[in-house]
Amino acid sequence: MRQKPDGFANPIYVTKPMLPPLGEFTSQLEDIWDSAWLTNGGAKHAALEAALAKRLGARHFSLFNNGTSALLVACQALRLAGEVITTPFTFPATPHVLHWNNVTPVFCDIDEETLTIDPAVAEALITPRTTGVLGVHVYGMPCDVNAFERIREQYGVKVLYDGAHAFGTEIDGKPVAEFGDATMYSFHATKLFHSAEGGGLAMADEAMKRRVDLLKNFGILNETEVIMPGTNGKMNEVQAALGLVNLAHYDAEHAARQRVAQVYLSRLDEIPGITCFRLPPNVGHSMQYFIVRVNPQACGVSRDRLYDMLKQFNVFSRRYFYPLCSEHNCYRALPSADPGRLPIATRVSREVLALPLYGELGEDGANRIVDIIQYICNGKQ
Ligand SMILES: *Cc1c(COP(=O)(O)O)cnc(C)c1O
């Protein structure tokens, strides 16, 4: 039995927000102070919206105060109603935006390999009430976008993507923003690219962009005309300024995370029962999360045991996404929430563990975490 590795002196969380040199941010704030323009589409908002549209390869793009309002507004703009097919294996905001739009979420099982909604299962769930599909590019793994394109055309349903984990994700060199009617991005502090809170919506259609911009600003057309019942989803200048500063550091943080992930990838698969979730080479990695799947029989410890034991070493991993959204009280009574209809999602949610992934962790930090996991699994404690 190998020697017990030391725990970390300070808690290691699953992520640590990117914090660029403070001076870069305060210099942006000086511009804002000079302009005395704090929100409602100022200069920082315009600059960030244009920069992100380009970066994300979005034909049309609109900034939001957070990703959830971007999705809420997208549902309104696409006039989703009745039923929308979605995944239970996601953050609760995904089904919540449907509920807030008076739409019934219909949970669909996921594919064993990609962990995104299985298009064949989704197709079988289509009813006369179905108006759309809300897919999630979970962990930056794109949904089967070509299959959903066919479903969109064949059934006349809308296809909306929650791309909260898919900043910069491409499929064979094509940005994910090019697929479906719209793609949401989250710029929450826990996301690699962030503006503390923030979000964006990439859209294929220019008319939709006009409608979305009205909807996020109360539907106000001009001083005397309000032409639709909108909400307040606007990103403010301080958020946009932080976004601009962070965007300049995005590539360096992404590369630093890649070095951390490389340590995990090169060592973790050697531990029996631990499998790294890998993205296909034609996709590239958003470096939003690093996920392992734990097979308790082969590993000797369950995912939950590993998660608990890691805490004793001051390592705070996260069980994304457990429980499934369909298991929460607000959704469990839906017929589609029956675990018998979601066998793969139910099993996978009990296998997955998100390990710490952020640039500052470094290769040393990642190596120490692998040593700890090796110790826990070999000791089968
Ligand atoms: C972070 C996240 C959201 C919510 O985004 P906010 O910007 O926090 O509103 C939605 N869906 C998924 C999958 C997420 O990870």
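Counting convention: from 1, in listed order, for ligands and their atoms alike.
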Considering only heavy atoms of [X], which atoms of ligand 1 have at least one such atom less than 4.0 Å away?
X      : result
Thr90  : 13 (C)
Asn66  : 7 (O), 9 (O)
Lys191 : 1 (C), 2 (C), 14 (C), 15 (O)
Ala93  : 10 (C)

Shortest protein heavy-atom distance from atom 3 (C) of ligand 1, along with the residue and atom involved: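 Going atom by atom, the protein heavy atom closest to atom 3 (C) of ligand 1 ends up being Phe91 CD2, 3.6 Å.
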
What residue and heavy atom of the protein are closest to atom 9 (O) of ligand 1, and at what distance?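 Its nearest protein heavy-atom neighbour is Thr68 OG1, 2.6 Å.
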
Counting heavy atoms only, which of Thr190, Asp162, Val136 is nearest atom 10 (C) of ligand 1?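 Looking at heavy atoms only, Asp162 sits closest to atom 10 (C) of ligand 1.
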
Proximal candidate to atom 5 (O) of ligand 1 [heavy atom criterion; set Ser195, Ser186, Ala164]: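 Closest candidate by heavy-atom distance is Ser186.
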
Are side-chain N/O atoms of Asn295 and Glu351 paired as donor and acceptor at under 3.5 Å?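 Judged by distance alone, the side chains do not pair up.
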
Checking Glu83 against Thr127: is there a side-chain donor and acceptor pair closer than 3.5 Å?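 The answer is yes; a qualifying pair exists.
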
Between ligand 1 and His165, is the shortest N or O to N or O distance under 3.5 Å? yes

With only distance considered, is Gly67 within less than 3.5 Å of ligand 1 through an N or O on each side? yes

For Tyr320 together with Tyr289, are the ring centres under 6.0 Å from each other? yes

For Phe321 together with His165, are the ring centres under 6.0 Å from each other?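 Between His165 and Phe321, the centre distance is under 6.0 Å.
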
For a 4.5 angstrom cut-off between non-hydrogen side-chain atoms, does Arg319 reach Tyr307? yes

If we only count heavy atoms from C-beta on, is the Asn217 to Asn232 side-chain gap below 4.5 Å?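 Not touching, per the 4.5 Å side-chain cut-off.
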
Does [X] reach ligand 1, in the sense of a heavy atom lying below 4.0 Å from it?
X      : result
Gly198 : yes
Met184 : yes
Gln288 : no

Return the minimal non-hydrogen interatomic distance between Arg368 and Gly7, and the atom names on each side.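 So the minimum-distance heavy-atom pair works out to NH2-O, 3.0 Å.
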
Give me the atom names and distance for the closest heavy-atom approach of Arg55 to Asp251.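 Looking at all heavy atoms of both residues, the shortest contact is NH2-OD1, 2.9 Å.
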
Within a radius of less than 6.0 Å around NZ of Lys191, do more than 12 heavy atoms belonging to other residues, nucleotides or ligands occur?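 Above 12, so yes.
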
